[in-house]
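A quick write-up on the structure given underneath.
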Amino acid sequence: MLAGGLVGSAARLGVGAALGWEPGGWPVATLAVNVVGAGVLGWYLARRARSASPWWSLGFWAIGVLGSFTTFSALGVEAVALLEAGRVVAAGCYVVVSALAGLVVAGVGYRLGEGR
């Protein structure tokens, strides 16, 4: 899990550096990692259910890599930053879009992982 966490955290840091973010601005990087991570996790869990994966792979990939790549805490902090910037509608949209897009993409990833 620790090694996976290092990989996932470094990847998230890279996405954040590439896409940037300013307090009160639209948090594209966090939205991107959360949505992509949800899709990949859905795909991975479906694939894992159909194969004989070693016991450690769940901890490394799902908990370590994808758990540290995605971030619910940053989502919360960025939503609060939007609220403090007076962007109430943007904050609400950010939370709703993050949740809905994550659910949809996780479902798509899961179906793709099942081979459908």
Side-chain angles (χ1 to χ4, degrees):
M1 273 189 275
L2 178 62
L6 291 171
V7 171
S9 296
R12 178 160 43 106
L13 182 63
V15 171
L19 298 178
W21 177 70
E22 294 180 25
W26 186 259
V28 175
T30 302
L31 180 62
V33 297
N34 284 340
V35 171
V36 169
V40 174
L41 182 60
W43 175 85
Y44 173 75
L45 292 177
R47 296 295 297 177
R48 181 178 166 77
R50 297 177 50 172
S51 67
S53 300
W55 63 269
W56 55 265
S57 68
L58 181 66
F60 178 79
W61 289 108
I63 299 169
V65 173
L66 295 169
S68 64
F69 181 66
T70 58
T71 173
F72 185 79
S73 57
L75 185 155
V77 168
E78 291 164 347
V80 168
L82 286 169
L83 288 172
E84 288 183 347
R87 301 183 63 198
V88 176
V89 174
C93 288
Y94 176 51
V95 171
V96 169
V97 167
S98 293
L100 290 179
L103 285 170
V104 169
V105 173
V108 170
Y110 197 86
R111 291 211 179 243
L112 290 173
E114 289 180 319
R116 293 192 223 176

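As a basis for the values below, the full set of heavy atoms in this structure was taken, side chains included, without hydrogen atoms, waters or symmetry mates.
- A continuous path of hydrophobic side-chain contacts links Leu82 to Leu19 [ILVMFWY only; heavy atoms under 4.5 Å].
- Of all non-hydrogen atoms in Glu78 and Pro27, the two that sit nearest each other are OE1-CB, 3.1 Å.
- Proximity of Tyr110 to Leu41: side-chain heavy atoms (C-beta onward) are nowhere separated by under 4.5 Å.
- Here the shortest heavy-atom pairing between Trp26 and Leu31 reads NE1-CD2, 4.0 Å.
- Both Val15 and Val97 sit in one connected hydrophobic cluster of ILVMFWY residues. Membership requires side-chain heavy atoms under 4.5 Å apart, directly or through other members.
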Residues 54-69, side-chain donor-acceptor partners within the protein, below 3.5 Å, at least two apart:
{"from": "Ser57", "atom 1": "OG", "to": "Tyr44", "atom 2": "OH", "distance (Å)": "3.1"}
{"from": "Ser57", "atom 1": "OG", "to": "Arg48", "atom 2": "NH1", "distance (Å)": "2.7"}
{"from": "Ser57", "atom 1": "OG", "to": "Pro54", "atom 2": "O", "distance (Å)": "2.9"}
{"from": "Ser68", "atom 1": "OG", "to": "Gly5", "atom 2": "O", "distance (Å)": "3.0"}
{"from": "Ser68", "atom 1": "OG", "to": "Ser9", "atom 2": "N", "distance (Å)": "3.2"}
{"from": "Ser68", "atom 1": "OG", "to": "Gly64", "atom 2": "O", "distance (Å)": "2.7"}
{"from": "Ser68", "atom 1": "OG", "to": "Val65", "atom 2": "O", "distance (Å)": "3.4"}

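- For the side chain to side chain contact (heavy atoms under 4.5 Å, CB included) criterion with Arg12, the lone passing option out of Asn34, Thr70, Val7, Val33 is Val33.
- The shortest heavy-atom contact between Leu112 and Trp43 is C-CD1, 3.9 Å.
- Closest approach of Gly20 and Ala29 over heavy atoms only: O-CB, 4.4 Å.
- At a threshold of 4.5 Å between side-chain heavy atoms, the hydrophobic network of Ile, Leu, Val, Met, Phe, Trp and Tyr places Val28 and Val95 in one connected group.
- For the residue pair Ala101 and Val35, the shortest heavy atom distance occurs at CB-CG2, 3.7 Å.
- When all heavy atoms are compared, the tightest approach of Gly25 to Arg87 is CA-NH1, 3.7 Å.
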